[in-house]
Each structure stands twice: as structure tokens, then as C-alpha cells.
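Here the structure is a predicted model, which means the values were calculated and not measured.
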Amino acid sequence: MSTTALSPFNVEFDPNSQEFSLSGVIRPRSVDEIAASISTLKGAIDQVRGVLYINVKRLVQMNNTAFHAFARVVLDACRERSDLRFVVVTSSVVGWTERMFGHLNKIEPQVTVEVYDSKFYPGQSFVENASFIPILRTQTKMTWRHERAILPRHGIRPGMVMADICCGIGDFAMLVRKEFQPARIVALDHSKASLAYARDVAAGFGITDIEYTYGDASEMLLEDNQFDFVTCRHSLQIFNQPDVLLKELYRICKPGGRVYMTNEKNSHCLGEPRSQSIQWTYEEVAKLFGHFEMDVELGPKSRRYLAEAGFDDIVVESFMVTNLDGDPQDFADIIAAWENVYAGEMAVKRGDPPEFIERFRQGFRDHIFAALHPKGYAGWPIWAASGRKPL
Amino acid sequence: MNGLENEAADGHFEPLLQVEMAMGTFLSDWHNCDQLSTFMARMISHNRTDPIRHSNFFSFALNELLEVSFRGGSLDGRIGCAVYRHGPMERVKLTFPCPPGQRQFYREAVSKTRRGNAYARYIDAISTDLAPSREAVLLDLAINFDARLRLEESDPPQITIVIDLPLEGIVS
């Protein structure tokens, strides 16, 4: 590892994965300043067989002095070792890395560039469909009735510097901005379609002070220790590595600041009448998400995740979104959308037989029945949790 | 740098931010390039479509320009950096003292960024140079950031590198 006081960067080589990683800000005045890192790269080249991955996903800045120095080593190695390939793994977030490293392929075809278009969770495509946007808005509308009162208990105050990570279509950031008047709010997501929608909505309301940004929540460009309050809602549960995401949330949070998150326990969705059918279907929902490496049972595990990530002063509470929160039809619309995505797309993709899918659908329909029944009750439980980054 | 608004009127570019300091102060610490470029990038990017990523791209380009002036700089005089905007384009005007012997170098280096063989020259620089020349750095900005560069020499011994960066289109 090499660092300077003002421009920290990391250089690592993992011989098991044959991966050489550059991250941070690398702006040396001369090659001498990064001699140790160059030496690490040369050593890596000597050790590997077949292919060396050069990971620059978390490279925030690199000047031409550093670029030429590392490129020089790679190009020389190509000329000396025809048996070796180099795969430069870049991020779609930091676009200049793709452009700069891409030129190396023109010089030596042994060097290729792969853009890490991270599909952090295999189900990402299921919820990025434009047809899902109205439902996401309805979901936020219904959860906001609760979270508006919950958020102050987790430390949100006017004038804070905030980040909403995995902001989706940006409606939560809009609501928080209006209700709690943060001094600054950055809203990050990895869906360009969702961000485009968020920006359109903001522009329509004449709002220009929400900084919507495209980014990888597990590899953010945002600097360390800069936010008083970081929110991440309904997202850890659909990442296949929630601990990695939480580590990033911890990193960008100021010491003394808090990270707030919401997650579900889907198998605890409930309704009356027809409770058994509803319960069976939602237990199957949890299994279905598990198949796609998502844990929609994460809600009650929030305390453990926060503790293991290093947070203290952890606060956990749960609330139930129900058909009695405003118009029952809103609740029914959400369930109908779930049925379409979970039974109509995910179960089909898993290869479930038609008879399973029909029974699976029935639970959603019964949930809707309960929601719209004049004496019925339908619920969707959510866990809100937050932790403080120690001073 | 004086007459900021007069300069900005040229081409409808609006002034955003201007920084000026003694060359001696600038040259006293290499990290001034990194810190200035990071600070200015954040300031001017806040109202771009994607402020974080725009700032990242802009910081890259500005840092390279500042490093060029740092490496070729002399202790006398002042360095000025002004940023303007017109639509999706940012214009950076970097003014610094340039000894007579280096003026021709800058003329040629900037001119080469606009020639048809710019890409071939850039590839050749990566392929053969042990360290990037200032010429290669300017080529990098033209090739990788779609920058348009020109030189203003109206106020000797100062020279001004003018660079137009269409980053909003690249980022968003």
C-alpha cells in the first residue's frame, strides 16, 4: 500500500485471483513517487500465469504521469511475454478510465478492457422496468406516512448534509428535502433510467438542489466522512453482498453521523381473510428472492449487520404498511405489481411449473382481496434501523 | 487576470469562477494542482446534471493543465485560472508566465492537438515515451475528453491556454 498525505491511494495484488488493483487518487509529480507501486505491478506480472486482471474500478483520479508509468510496464510485459493477457476492469461510473486504458488495446491486443457494468444483484432488471415506476412511487407514498415520523427518532435534523444511496426514482429524496430541509442532498443510483425519471420530476417541480448522480453503491466516488445522515432504503436486501454495501455507507458517513436503512421480512406479509394462502405465497417470495441471491428477510437482521459493520448506538424499529394507510386501492396496486414481477417474471425465470405459479399468484390475489375487503386487513412489515459511526 | 467579463463575452461564455495566485506560491507545492483542480471542479459542477461525475471529469482535465503549467513554470509572475460556461461546454483559460524560449513549444503542442494525426501521435506517445511529455498531456485532453485547445498570446510574457471541454455531454 502506498499513500501520500493529500492524495491517498491503494495498490494491492491478490495472487489468488491474479488481480492487481489501483484505487483512490494517484497524481504523482514523478514516477519515483510511485516506484513501490510500479514494483508491485512488475512483481505481479512475474507471478501470474495466463491473465492478470488490473482492477481500476475504484480509481478516482490518475494523472498522465501515473498512467504512462503503469501503461509502460504493461506494454513492455506484452512484448516480452506473449503467453500473458491483461484485462483492465474499469467502472462505467468513471468513464475516462475506459477511454484511457482502451487505447492500450490499439497498441497491444493482449490488453483488453472490460467495463464493470455491475449487476450487484441479479434481480436489478426486475425492478428497473419503467412499468414498475408508478408502483415505486406508491410504495414510497405509503411508507413515507410512517418514515416521516420515524426519521427524527433516527437522528435526522434540518440542515444536515445527506446522501440517499440507491435512491431509485428519487421520490424519497424529494420528500426528505421538503420535510427536513437538508443543507445538501446527494442522491445516488446505478439505474440511469431511474435517475432520468428523478431529474425530470425534480425539474418539473423547479427543484435544482438535489444532486442526482450515477454511481455504484458498492464502489462510490463519494469521499470518506462527508455526510451527517446517509439513507439506504429497501436496498441492502436486494444486494447479494449487503455487508459490502454497508461498508461503503459507513465510509461516506461522518464520524458521529448516522446511517439509516429500511428492509423487509417478506415472509411476514399478512392478511385476513385468507391468511394461509397469503402466508404460503410470501414464504415462497422469500425463497424466490433467495434463488436470485437476494435476502428479503433481512429486516430483523439489520441490528446484526449494523453492529458487524462497526456502528454503535443502534436503533431498530418496525412498522406495518397496511390497507388502512390511506386508500386501500394503493395497497392493492402494490400487491398487483408484486404479483406481476414475482410470479410473472421471476418465477418464470427460475423455471417454476405453471401449477406452482398459479398457486403463487393466488396468494397475491388473496392479499388484494383482504386489502379491499370492507372488514379485511392487509399488512406489509418493514424494519427501520440506524447506527452511529463512532467518533 | 483582468477583464474577466470582457473575455467571457466572447462566444457567449458566462464566467463561473476565477482563481489567481503568485507563481512562487503555486510552485511551492505540487499538491496545489490536485487541490485547486478538485476545489474548482466541485464549485463549478454543482449545478450540472450529474455533479459528482462531472466534477470527477473536470478535475482530471484541469489537473492536467495545472500540471503542465507547473512543470513549465517560472517563479516570477502570476498564474490565473478562469472557468466559463456556455450550454454543455466549460471553457478553461489558464494564464501563466511563459519564457520566450517556450512559446514556440506551446504553439506547436496546442496546434498538434487539432491535426488529423493527433490520435496517432497520442498512441505513439503512450507506446514509446517513458514519461508523458507536456505535448502528450494536451493530446490526452483532446483525445479522451474531446477537448478543443487554442493559445492566446496577447499579453506577453503571459500565455493563455484556452480549452473547451464538452464534459456535460460525455458524463450524462
Side-chain angles (χ1 to χ4, degrees), chain A residues 4-7 25-33 59-69 71-72 74-76 79 91-108 163 184 186-188 192 195-196 199 203 208-215 220-223, chain B residues 27 29-38 41-42 45-68 70-71 119-120 122-141 143-146 167 169-172:
Chain A
T4 64
L6 293 171
S7 301
V25 177
I26 311 178
R27 286 174 165 173
R29 183 173 181 178
S30 73
V31 179
D32 293 343
E33 291 176 28
L59 183 58
V60 177
Q61 291 290 353
M62 169 182 263
N63 68 2
N64 267 286
T65 299
F67 173 71
H68 274 246
R72 170 89 274 136
V74 170
L75 294 172
D76 285 348
R79 289 157 194 163
S91 160
S92 59
V93 177
V94 187
W96 54 262
T97 55
E98 182 187 357
R99 287 187 171 210
M100 288 183 73
F101 285 97
H103 300 306
L104 301 184
N105 176 258
K106 297 282 193 298
I107 301 165
E108 294 291 345
R184 181 188 177 207
V186 172
L188 178 145
K192 289 182 176 175
L195 287 171
R199 291 187 182 110
T208 57
D209 54 357
I210 299 176
E211 299 175 37
Y212 288 110
T213 187
Y214 173 69
M220 290 188 279
L221 278 180
L222 301 171
E223 293 176 3
Chain B
L27 295 177
D29 188 350
W30 172 253
H31 293 104
N32 283 332
C33 301
D34 174 55
Q35 291 181 326
L36 268 175
S37 61
T38 301
R42 282 185 189 153
S45 299
H46 77 278
N47 56 355
R48 279 304 194 189
T49 303
D50 191 329
I52 307 292
R53 295 179 64 237
H54 190 277
S55 174
N56 179 268
F57 272 74
F58 189 86
S59 173
F60 186 108
L62 182 56
N63 178 68
E64 293 297 337
L65 277 182
L66 291 170
E67 288 188 9
V68 164
F70 192 104
R71 293 183 194 283
Y119 185 68
Y122 176 67
I123 292 295
D124 187 56
I126 298 174
S127 181
T128 57
D129 292 353
L130 291 174
S133 63
R134 283 176 286 168
E135 178 187 319
V137 170
L138 298 181
L139 283 168
D140 163 55
L141 296 176
I143 300 297
N144 293 314
F145 294 81
D146 300 341
L167 301 182
I170 295 174
V171 170
S172 304

How about Arg99(A) and Asp146(B): do any of their side-chain heavy atoms sit closer than 4.5 Å? yes
Atom group of Ile170(B) that falls short of 4.5 Å from chain A, counting heavy atoms: side chain
Tell me, side chain or backbone of Arg48(B) under 4.5 Å from chain A's heavy atoms, or both, or neither? neither
For Tyr119(B), which atoms come within 4.5 Å of any heavy atom of chain A: side chain, backbone, both, or neither? side chain
Are Met220(A) and Ile52(B) close enough that some pair of their side-chain heavy atoms sits under 4.5 Å apart? no
Return yes if some donor-acceptor pair links the side-chain N/O of Arg72(A) with the main-chain N/O of Ala131(B) below 3.5 Å, else return no. no
Shortest non-hydrogen separation from Tyr212(A) to Pro51(B) and the atoms involved: O-CD, 3.6 Å
Intermediate values then yes/no, side chain to side chain contact (heavy atoms under 4.5 Å, CB included), Asn63(B) and Gln61(A): CA-CA 10 Å; Asn63(B) 178 68; Gln61(A) 291 290 353; over 6 Å; no
Atom CH2 of Trp30(B) and atom CD of Glu33(A): how far apart are they, to the nearest 0.5 Å? 8.0 Å
Has Glu64(B) got a side-chain atom pairing as donor or acceptor with Asn64(A)'s backbone, closer than 3.5 angstrom? yes
CE (Met100(A)) and CG (Asp140(B)) are apart, to the nearest 0.5 Å, by 4.5 Å
Among the options Leu75(A), Asn63(A), Val31(A), pick out the one with the most heavy-atom pairs lying under 4.5 Å from chain B. Asn63(A)
To the nearest 0.5 Å, what is the distance between CZ (Phe145(B)) and CH2 (Trp96(A))? 7.0 Å
To check you understand the geometry: which heavy-atom pair defines the closest contact between Ala125(B) and His68(A), and what is its length? O-CE1, 3.7 Å
CG of Leu195(A) to OG1 of Thr49(B): how many Å apart, nearest 0.5 Å? 11.0 Å
Please report the interatomic distance CG(Asp34(B)) to CZ(Arg27(A)), rounded to the nearest 0.5 Å. 4.5 Å
Region of Glu98(A) in contact with chain B, defined by heavy-atom distances below 4.5 Å: neither
Rounded at 0.5 Å granularity, tell me how far CG in Leu104(A) sits from CD1 in Ile126(B). 6.0 Å
Look at Val60(A), Val186(A), Thr208(A), Ile107(A) and state which one has the largest set of heavy-atom pairs under 4.5 Å with chain B. Ile107(A)
Could you please spell out the steps behind the side chain to side chain contact (heavy atoms under 4.5 Å, CB included) verdict for Thr65(A) and Arg71(B)? CA-CA 12 Å; Thr65(A) 299; Arg71(B) 293 183 194 283; 2.9 Å; yes
Which atom of Val93(A) lies closest to which atom of Arg53(B), heavy atoms considered: O-NE, 2.7 Å
For chain B, the option from Ala196(A), Gly95(A), Ala71(A), Gly102(A) that forms the most heavy-atom pairs under 4.5 Å: Gly95(A)
Less than 4.0 angstrom from a charged side-chain N to a carboxylate O is my criterion; do Asp50(B) and Lys192(A) meet it? no
Which region of Ser37(B), side chain (C-beta onward) or backbone (N, CA, C, O), has a non-hydrogen atom less than 4.5 Å from a non-hydrogen atom of chain A, or is it both or neither? side chain
